[in-house]
Number of protein chains: 2
Amino acid sequence: MNTSIAITNRSLHDQVVSRVRDLIIEGILEPGSRIDESTLIEELGVSRTPFREALRTLAAEGLVIVKPSRGSVVRKWTRSDVFSMLEVLGHLEQLAGELACARASDQEINELVALHEDMLGYYKANDRMPYYKLNQEFHSRLTALSKNATLQEMQRNIQARLKRIRYIGNEKPDAWAGAVQDHEAMIVALKAKDGKKLGEAMAQHIRNTWDRVKDSL
Amino acid sequence: MNTSIAITNRSLHDQVVSRVRDLIIEGILEPGSRIDESTLIEELGVSRTPFREALRTLAAEGLVIVKPSRGSVVRKWTRSDVFSMLEVLGHLEQLAGELACARASDQEINELVALHEDMLGYYKANDRMPYYKLNQEFHSRLTALSKNATLQEMQRNIQARLKRIRYIGNEKPDAWAGAVQDHEAMIVALKAKDGKKLGEAMAQHIRNTWDRVKDSL
DNA sequence: CTTCTGTATTTTGTATACAAGTATAAAAGA
DNA sequence: TCTTTTATACTTGTATACAAAATACAGAAG
């Protein structure tokens, strides 16, 4: 009956996790830097117990490394780490694309096309931030069309690890143009429900991402 | 100088995580059942703080679900969950196979062939348990030959989720024979360093796994 | 001046106490 | 008899106190 009450129903744990995750993604907590418990718990206004539990989930997600008896650090990705993530992500999204063509409804496809057109608008207006946000959603939603929960989970996890790096790598304007072109190809294939072509376009998009990103590592 | 001392250097956290994980995989903690903190901490001889931290990492790994204010349960997989895991695992191992052919040394390939032959020995002796253990290692090691850390991590995670189910599904003897044949095909392709063929063989192996397992869900 | 060693300080790890929320069951009302 | 209410026990969530380990530092020996 009352639908508005449930919104604040996130546990403290989840809140701490996502706040610390944001600090990492935004680069406020720098890769490789030590995470000072006492400072952060004061800033977040929580006590050590829930904070340390949050660190454990972030560690399992791969964003943080807990060194026994000597604290935690923000995980720092090597060049080869990032390459390996993109290699896997490319294949996962390729699979997602193929499955999406087989399993998504016309309605769902149209919604994604609409999202793509919104992104085009931001691109033309040179409005980087909302484009970036919608881009994340584009990939998540396309993956969701695969109707494969495990695939979505793995994609989300790698996406989270790459978020910070991607944000840095997309600074150059010509890189942006290339990314938009890739998306265009993906949308064409999706409309035609050509799974092989969509899969290949998505894999190509990820390979291009590596080219865009690799020099900043 | 002293190499033997480091072995016991696992943190309490890691110990609790792997002990509870084992309890889940072995089915002592049944899927869907509530995890009673007070009982388990007594059994494990640890206090609530480290135990709850362990639950958080197990939750992030996907083996446990923490329901806010009402405890934790062992995650229970639906039929479609398992299908989606195998769908993803199939593609990941396909990729692993292709990369292994491109990146593994002759030495590494020979080691894996040797492992395969050990498995054949256990199969012929009808010795199920050691075969099962080596099978896990076979897939892990083959994936490791891809030299892709992210791929290994994702494979390990899905493998852990499936472990319990796989163990149940492999009860039938004719299923076992099929699995051995699949491995034979993989080894042939690996020796020839035929990436496409190895990838296809691994994907096929996973599809066969689904056929073996699906009826017990 | 460097290196080693012992002590002090800081930080992390674990246990426990207290608070808050949830489920259970008995009692009151319909 | 069935529903609703309310009291109680139990479980979980959070804070804090204590223990243990690591780090930093100062002084002594080489």
Side-chain angles (χ1 to χ4, degrees), chain A residues 1-2 4-21 23-24 28-61 63-76, chain B residues 1-2 4-21 23-24 28-61 63-76:
Chain A
M1 220 153 263
N2 191 333
S4 65
I5 209 166
I7 286 171
T8 38
N9 246 0
R10 277 171 75 214
S11 67
L12 179 57
H13 174 79
D14 292 351
Q15 289 177 46
V16 175
V17 168
S18 68
R19 287 189 66 185
V20 177
R21 194 193 285 124
L23 291 177
I24 293 171
I28 296 168
L29 293 173
E30 283 177 43
S33 71
R34 225 166 127 304
I35 295 175
D36 185 28
E37 266 185 34
S38 46
T39 311
L40 260 178
I41 63 172
E42 192 153 345
E43 223 152 280
L44 298 175
V46 295
S47 84
R48 288 181 67 207
T49 312
F51 179 77
R52 301 188 88 247
E53 286 184 17
L55 281 184
R56 291 300 185 184
T57 89
L58 289 166
E61 286 179 11
L63 295 176
V64 156
I65 290 181
V66 177
K67 301 179 181 175
S69 298
R70 58 187 69 176
S72 312
V73 295
V74 178
R75 188 151 167 198
K76 189 176 188 173
Chain B
M1 221 150 263
N2 192 333
S4 65
I5 208 165
I7 287 173
T8 39
N9 246 0
R10 278 171 74 213
S11 67
L12 180 57
H13 174 79
D14 292 351
Q15 288 177 47
V16 175
V17 168
S18 69
R19 288 189 65 183
V20 176
R21 194 191 286 124
L23 291 176
I24 293 172
I28 295 168
L29 293 174
E30 282 177 44
S33 72
R34 220 163 131 294
I35 294 175
D36 185 27
E37 267 184 33
S38 44
T39 311
L40 261 177
I41 62 171
E42 192 153 345
E43 224 151 282
L44 298 176
V46 295
S47 83
R48 289 181 65 208
T49 311
F51 180 77
R52 301 188 88 247
E53 287 185 18
L55 281 184
R56 292 300 186 184
T57 88
L58 288 166
E61 286 179 10
L63 295 175
V64 155
I65 290 181
V66 178
K67 300 178 180 175
S69 298
R70 59 188 68 176
S72 312
V73 295
V74 178
R75 190 151 167 198
K76 189 177 186 173

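Proteins get letters first, then strands, A, B, ... in listed order; numbering begins at 1 in each.
The separation between Leu55(A) atom CG and dT12(C) atom C1' is 12 Å, rounded to whole Å. Spacing between atom CD of Glu42(A) and atom C1' of dT16(D) amounts to 15 Å, rounded to whole angstrom units. Ile41(B) has its CD1 atom 13 Å from the P atom of dA17(C), to the nearest Å. Counting to the nearest Å, the C1' atom of dT14(D) and the CZ atom of Arg56(B) are 12 Å from each other.
Scanning both residues, Ser38(A) and Ile41(A), for their nearest heavy atoms gives O-CG1, 3.3 Å. Taking both residues in full, the closest heavy atoms of Lys76(B) and Pro31(B) are given as CG-CB, 3.9 Å, listed atom of the first, atom of the second, then distance. Here the closest heavy-atom approach between residue Leu58(B) and residue Arg21(B) is recorded as CD2-CB, 4.1 Å.
With Gln15(A) contributing its side chain and Arg10(A) its backbone, the two residues share a donor-acceptor pair below 3.5 Å.
A close approach under 4.0 Å does not occur between any side-chain nitrogen or oxygen of Thr49(B) and OP1 or OP2 of dT14(C).
When the salt bridge (charged side-chain N to carboxylate O under 4.0 Å, His left out) test is applied to Glu37(A), the partners found at least two apart in sequence or on another chain are Arg48(A), Arg52(A). Considering only residues two or more places apart in sequence or on other chains, Val73(A) meets the side-chain contact (heavy atoms from CB on, under 4.5 Å) condition with Arg34(A), Ile65(A), Lys67(A).
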Under 3.5 Å, which N/O atoms of the protein pair with N/O atoms of nucleotides 8-12 of chain D?
{"unit_1": "dT11(D)", "atom_1": "O3'", "unit_2": "Arg34(B)", "atom_2": "NH2", "d": "2.8"}
{"unit_1": "dT12(D)", "atom_1": "OP1", "unit_2": "Arg34(B)", "atom_2": "NH2", "d": "2.8"}

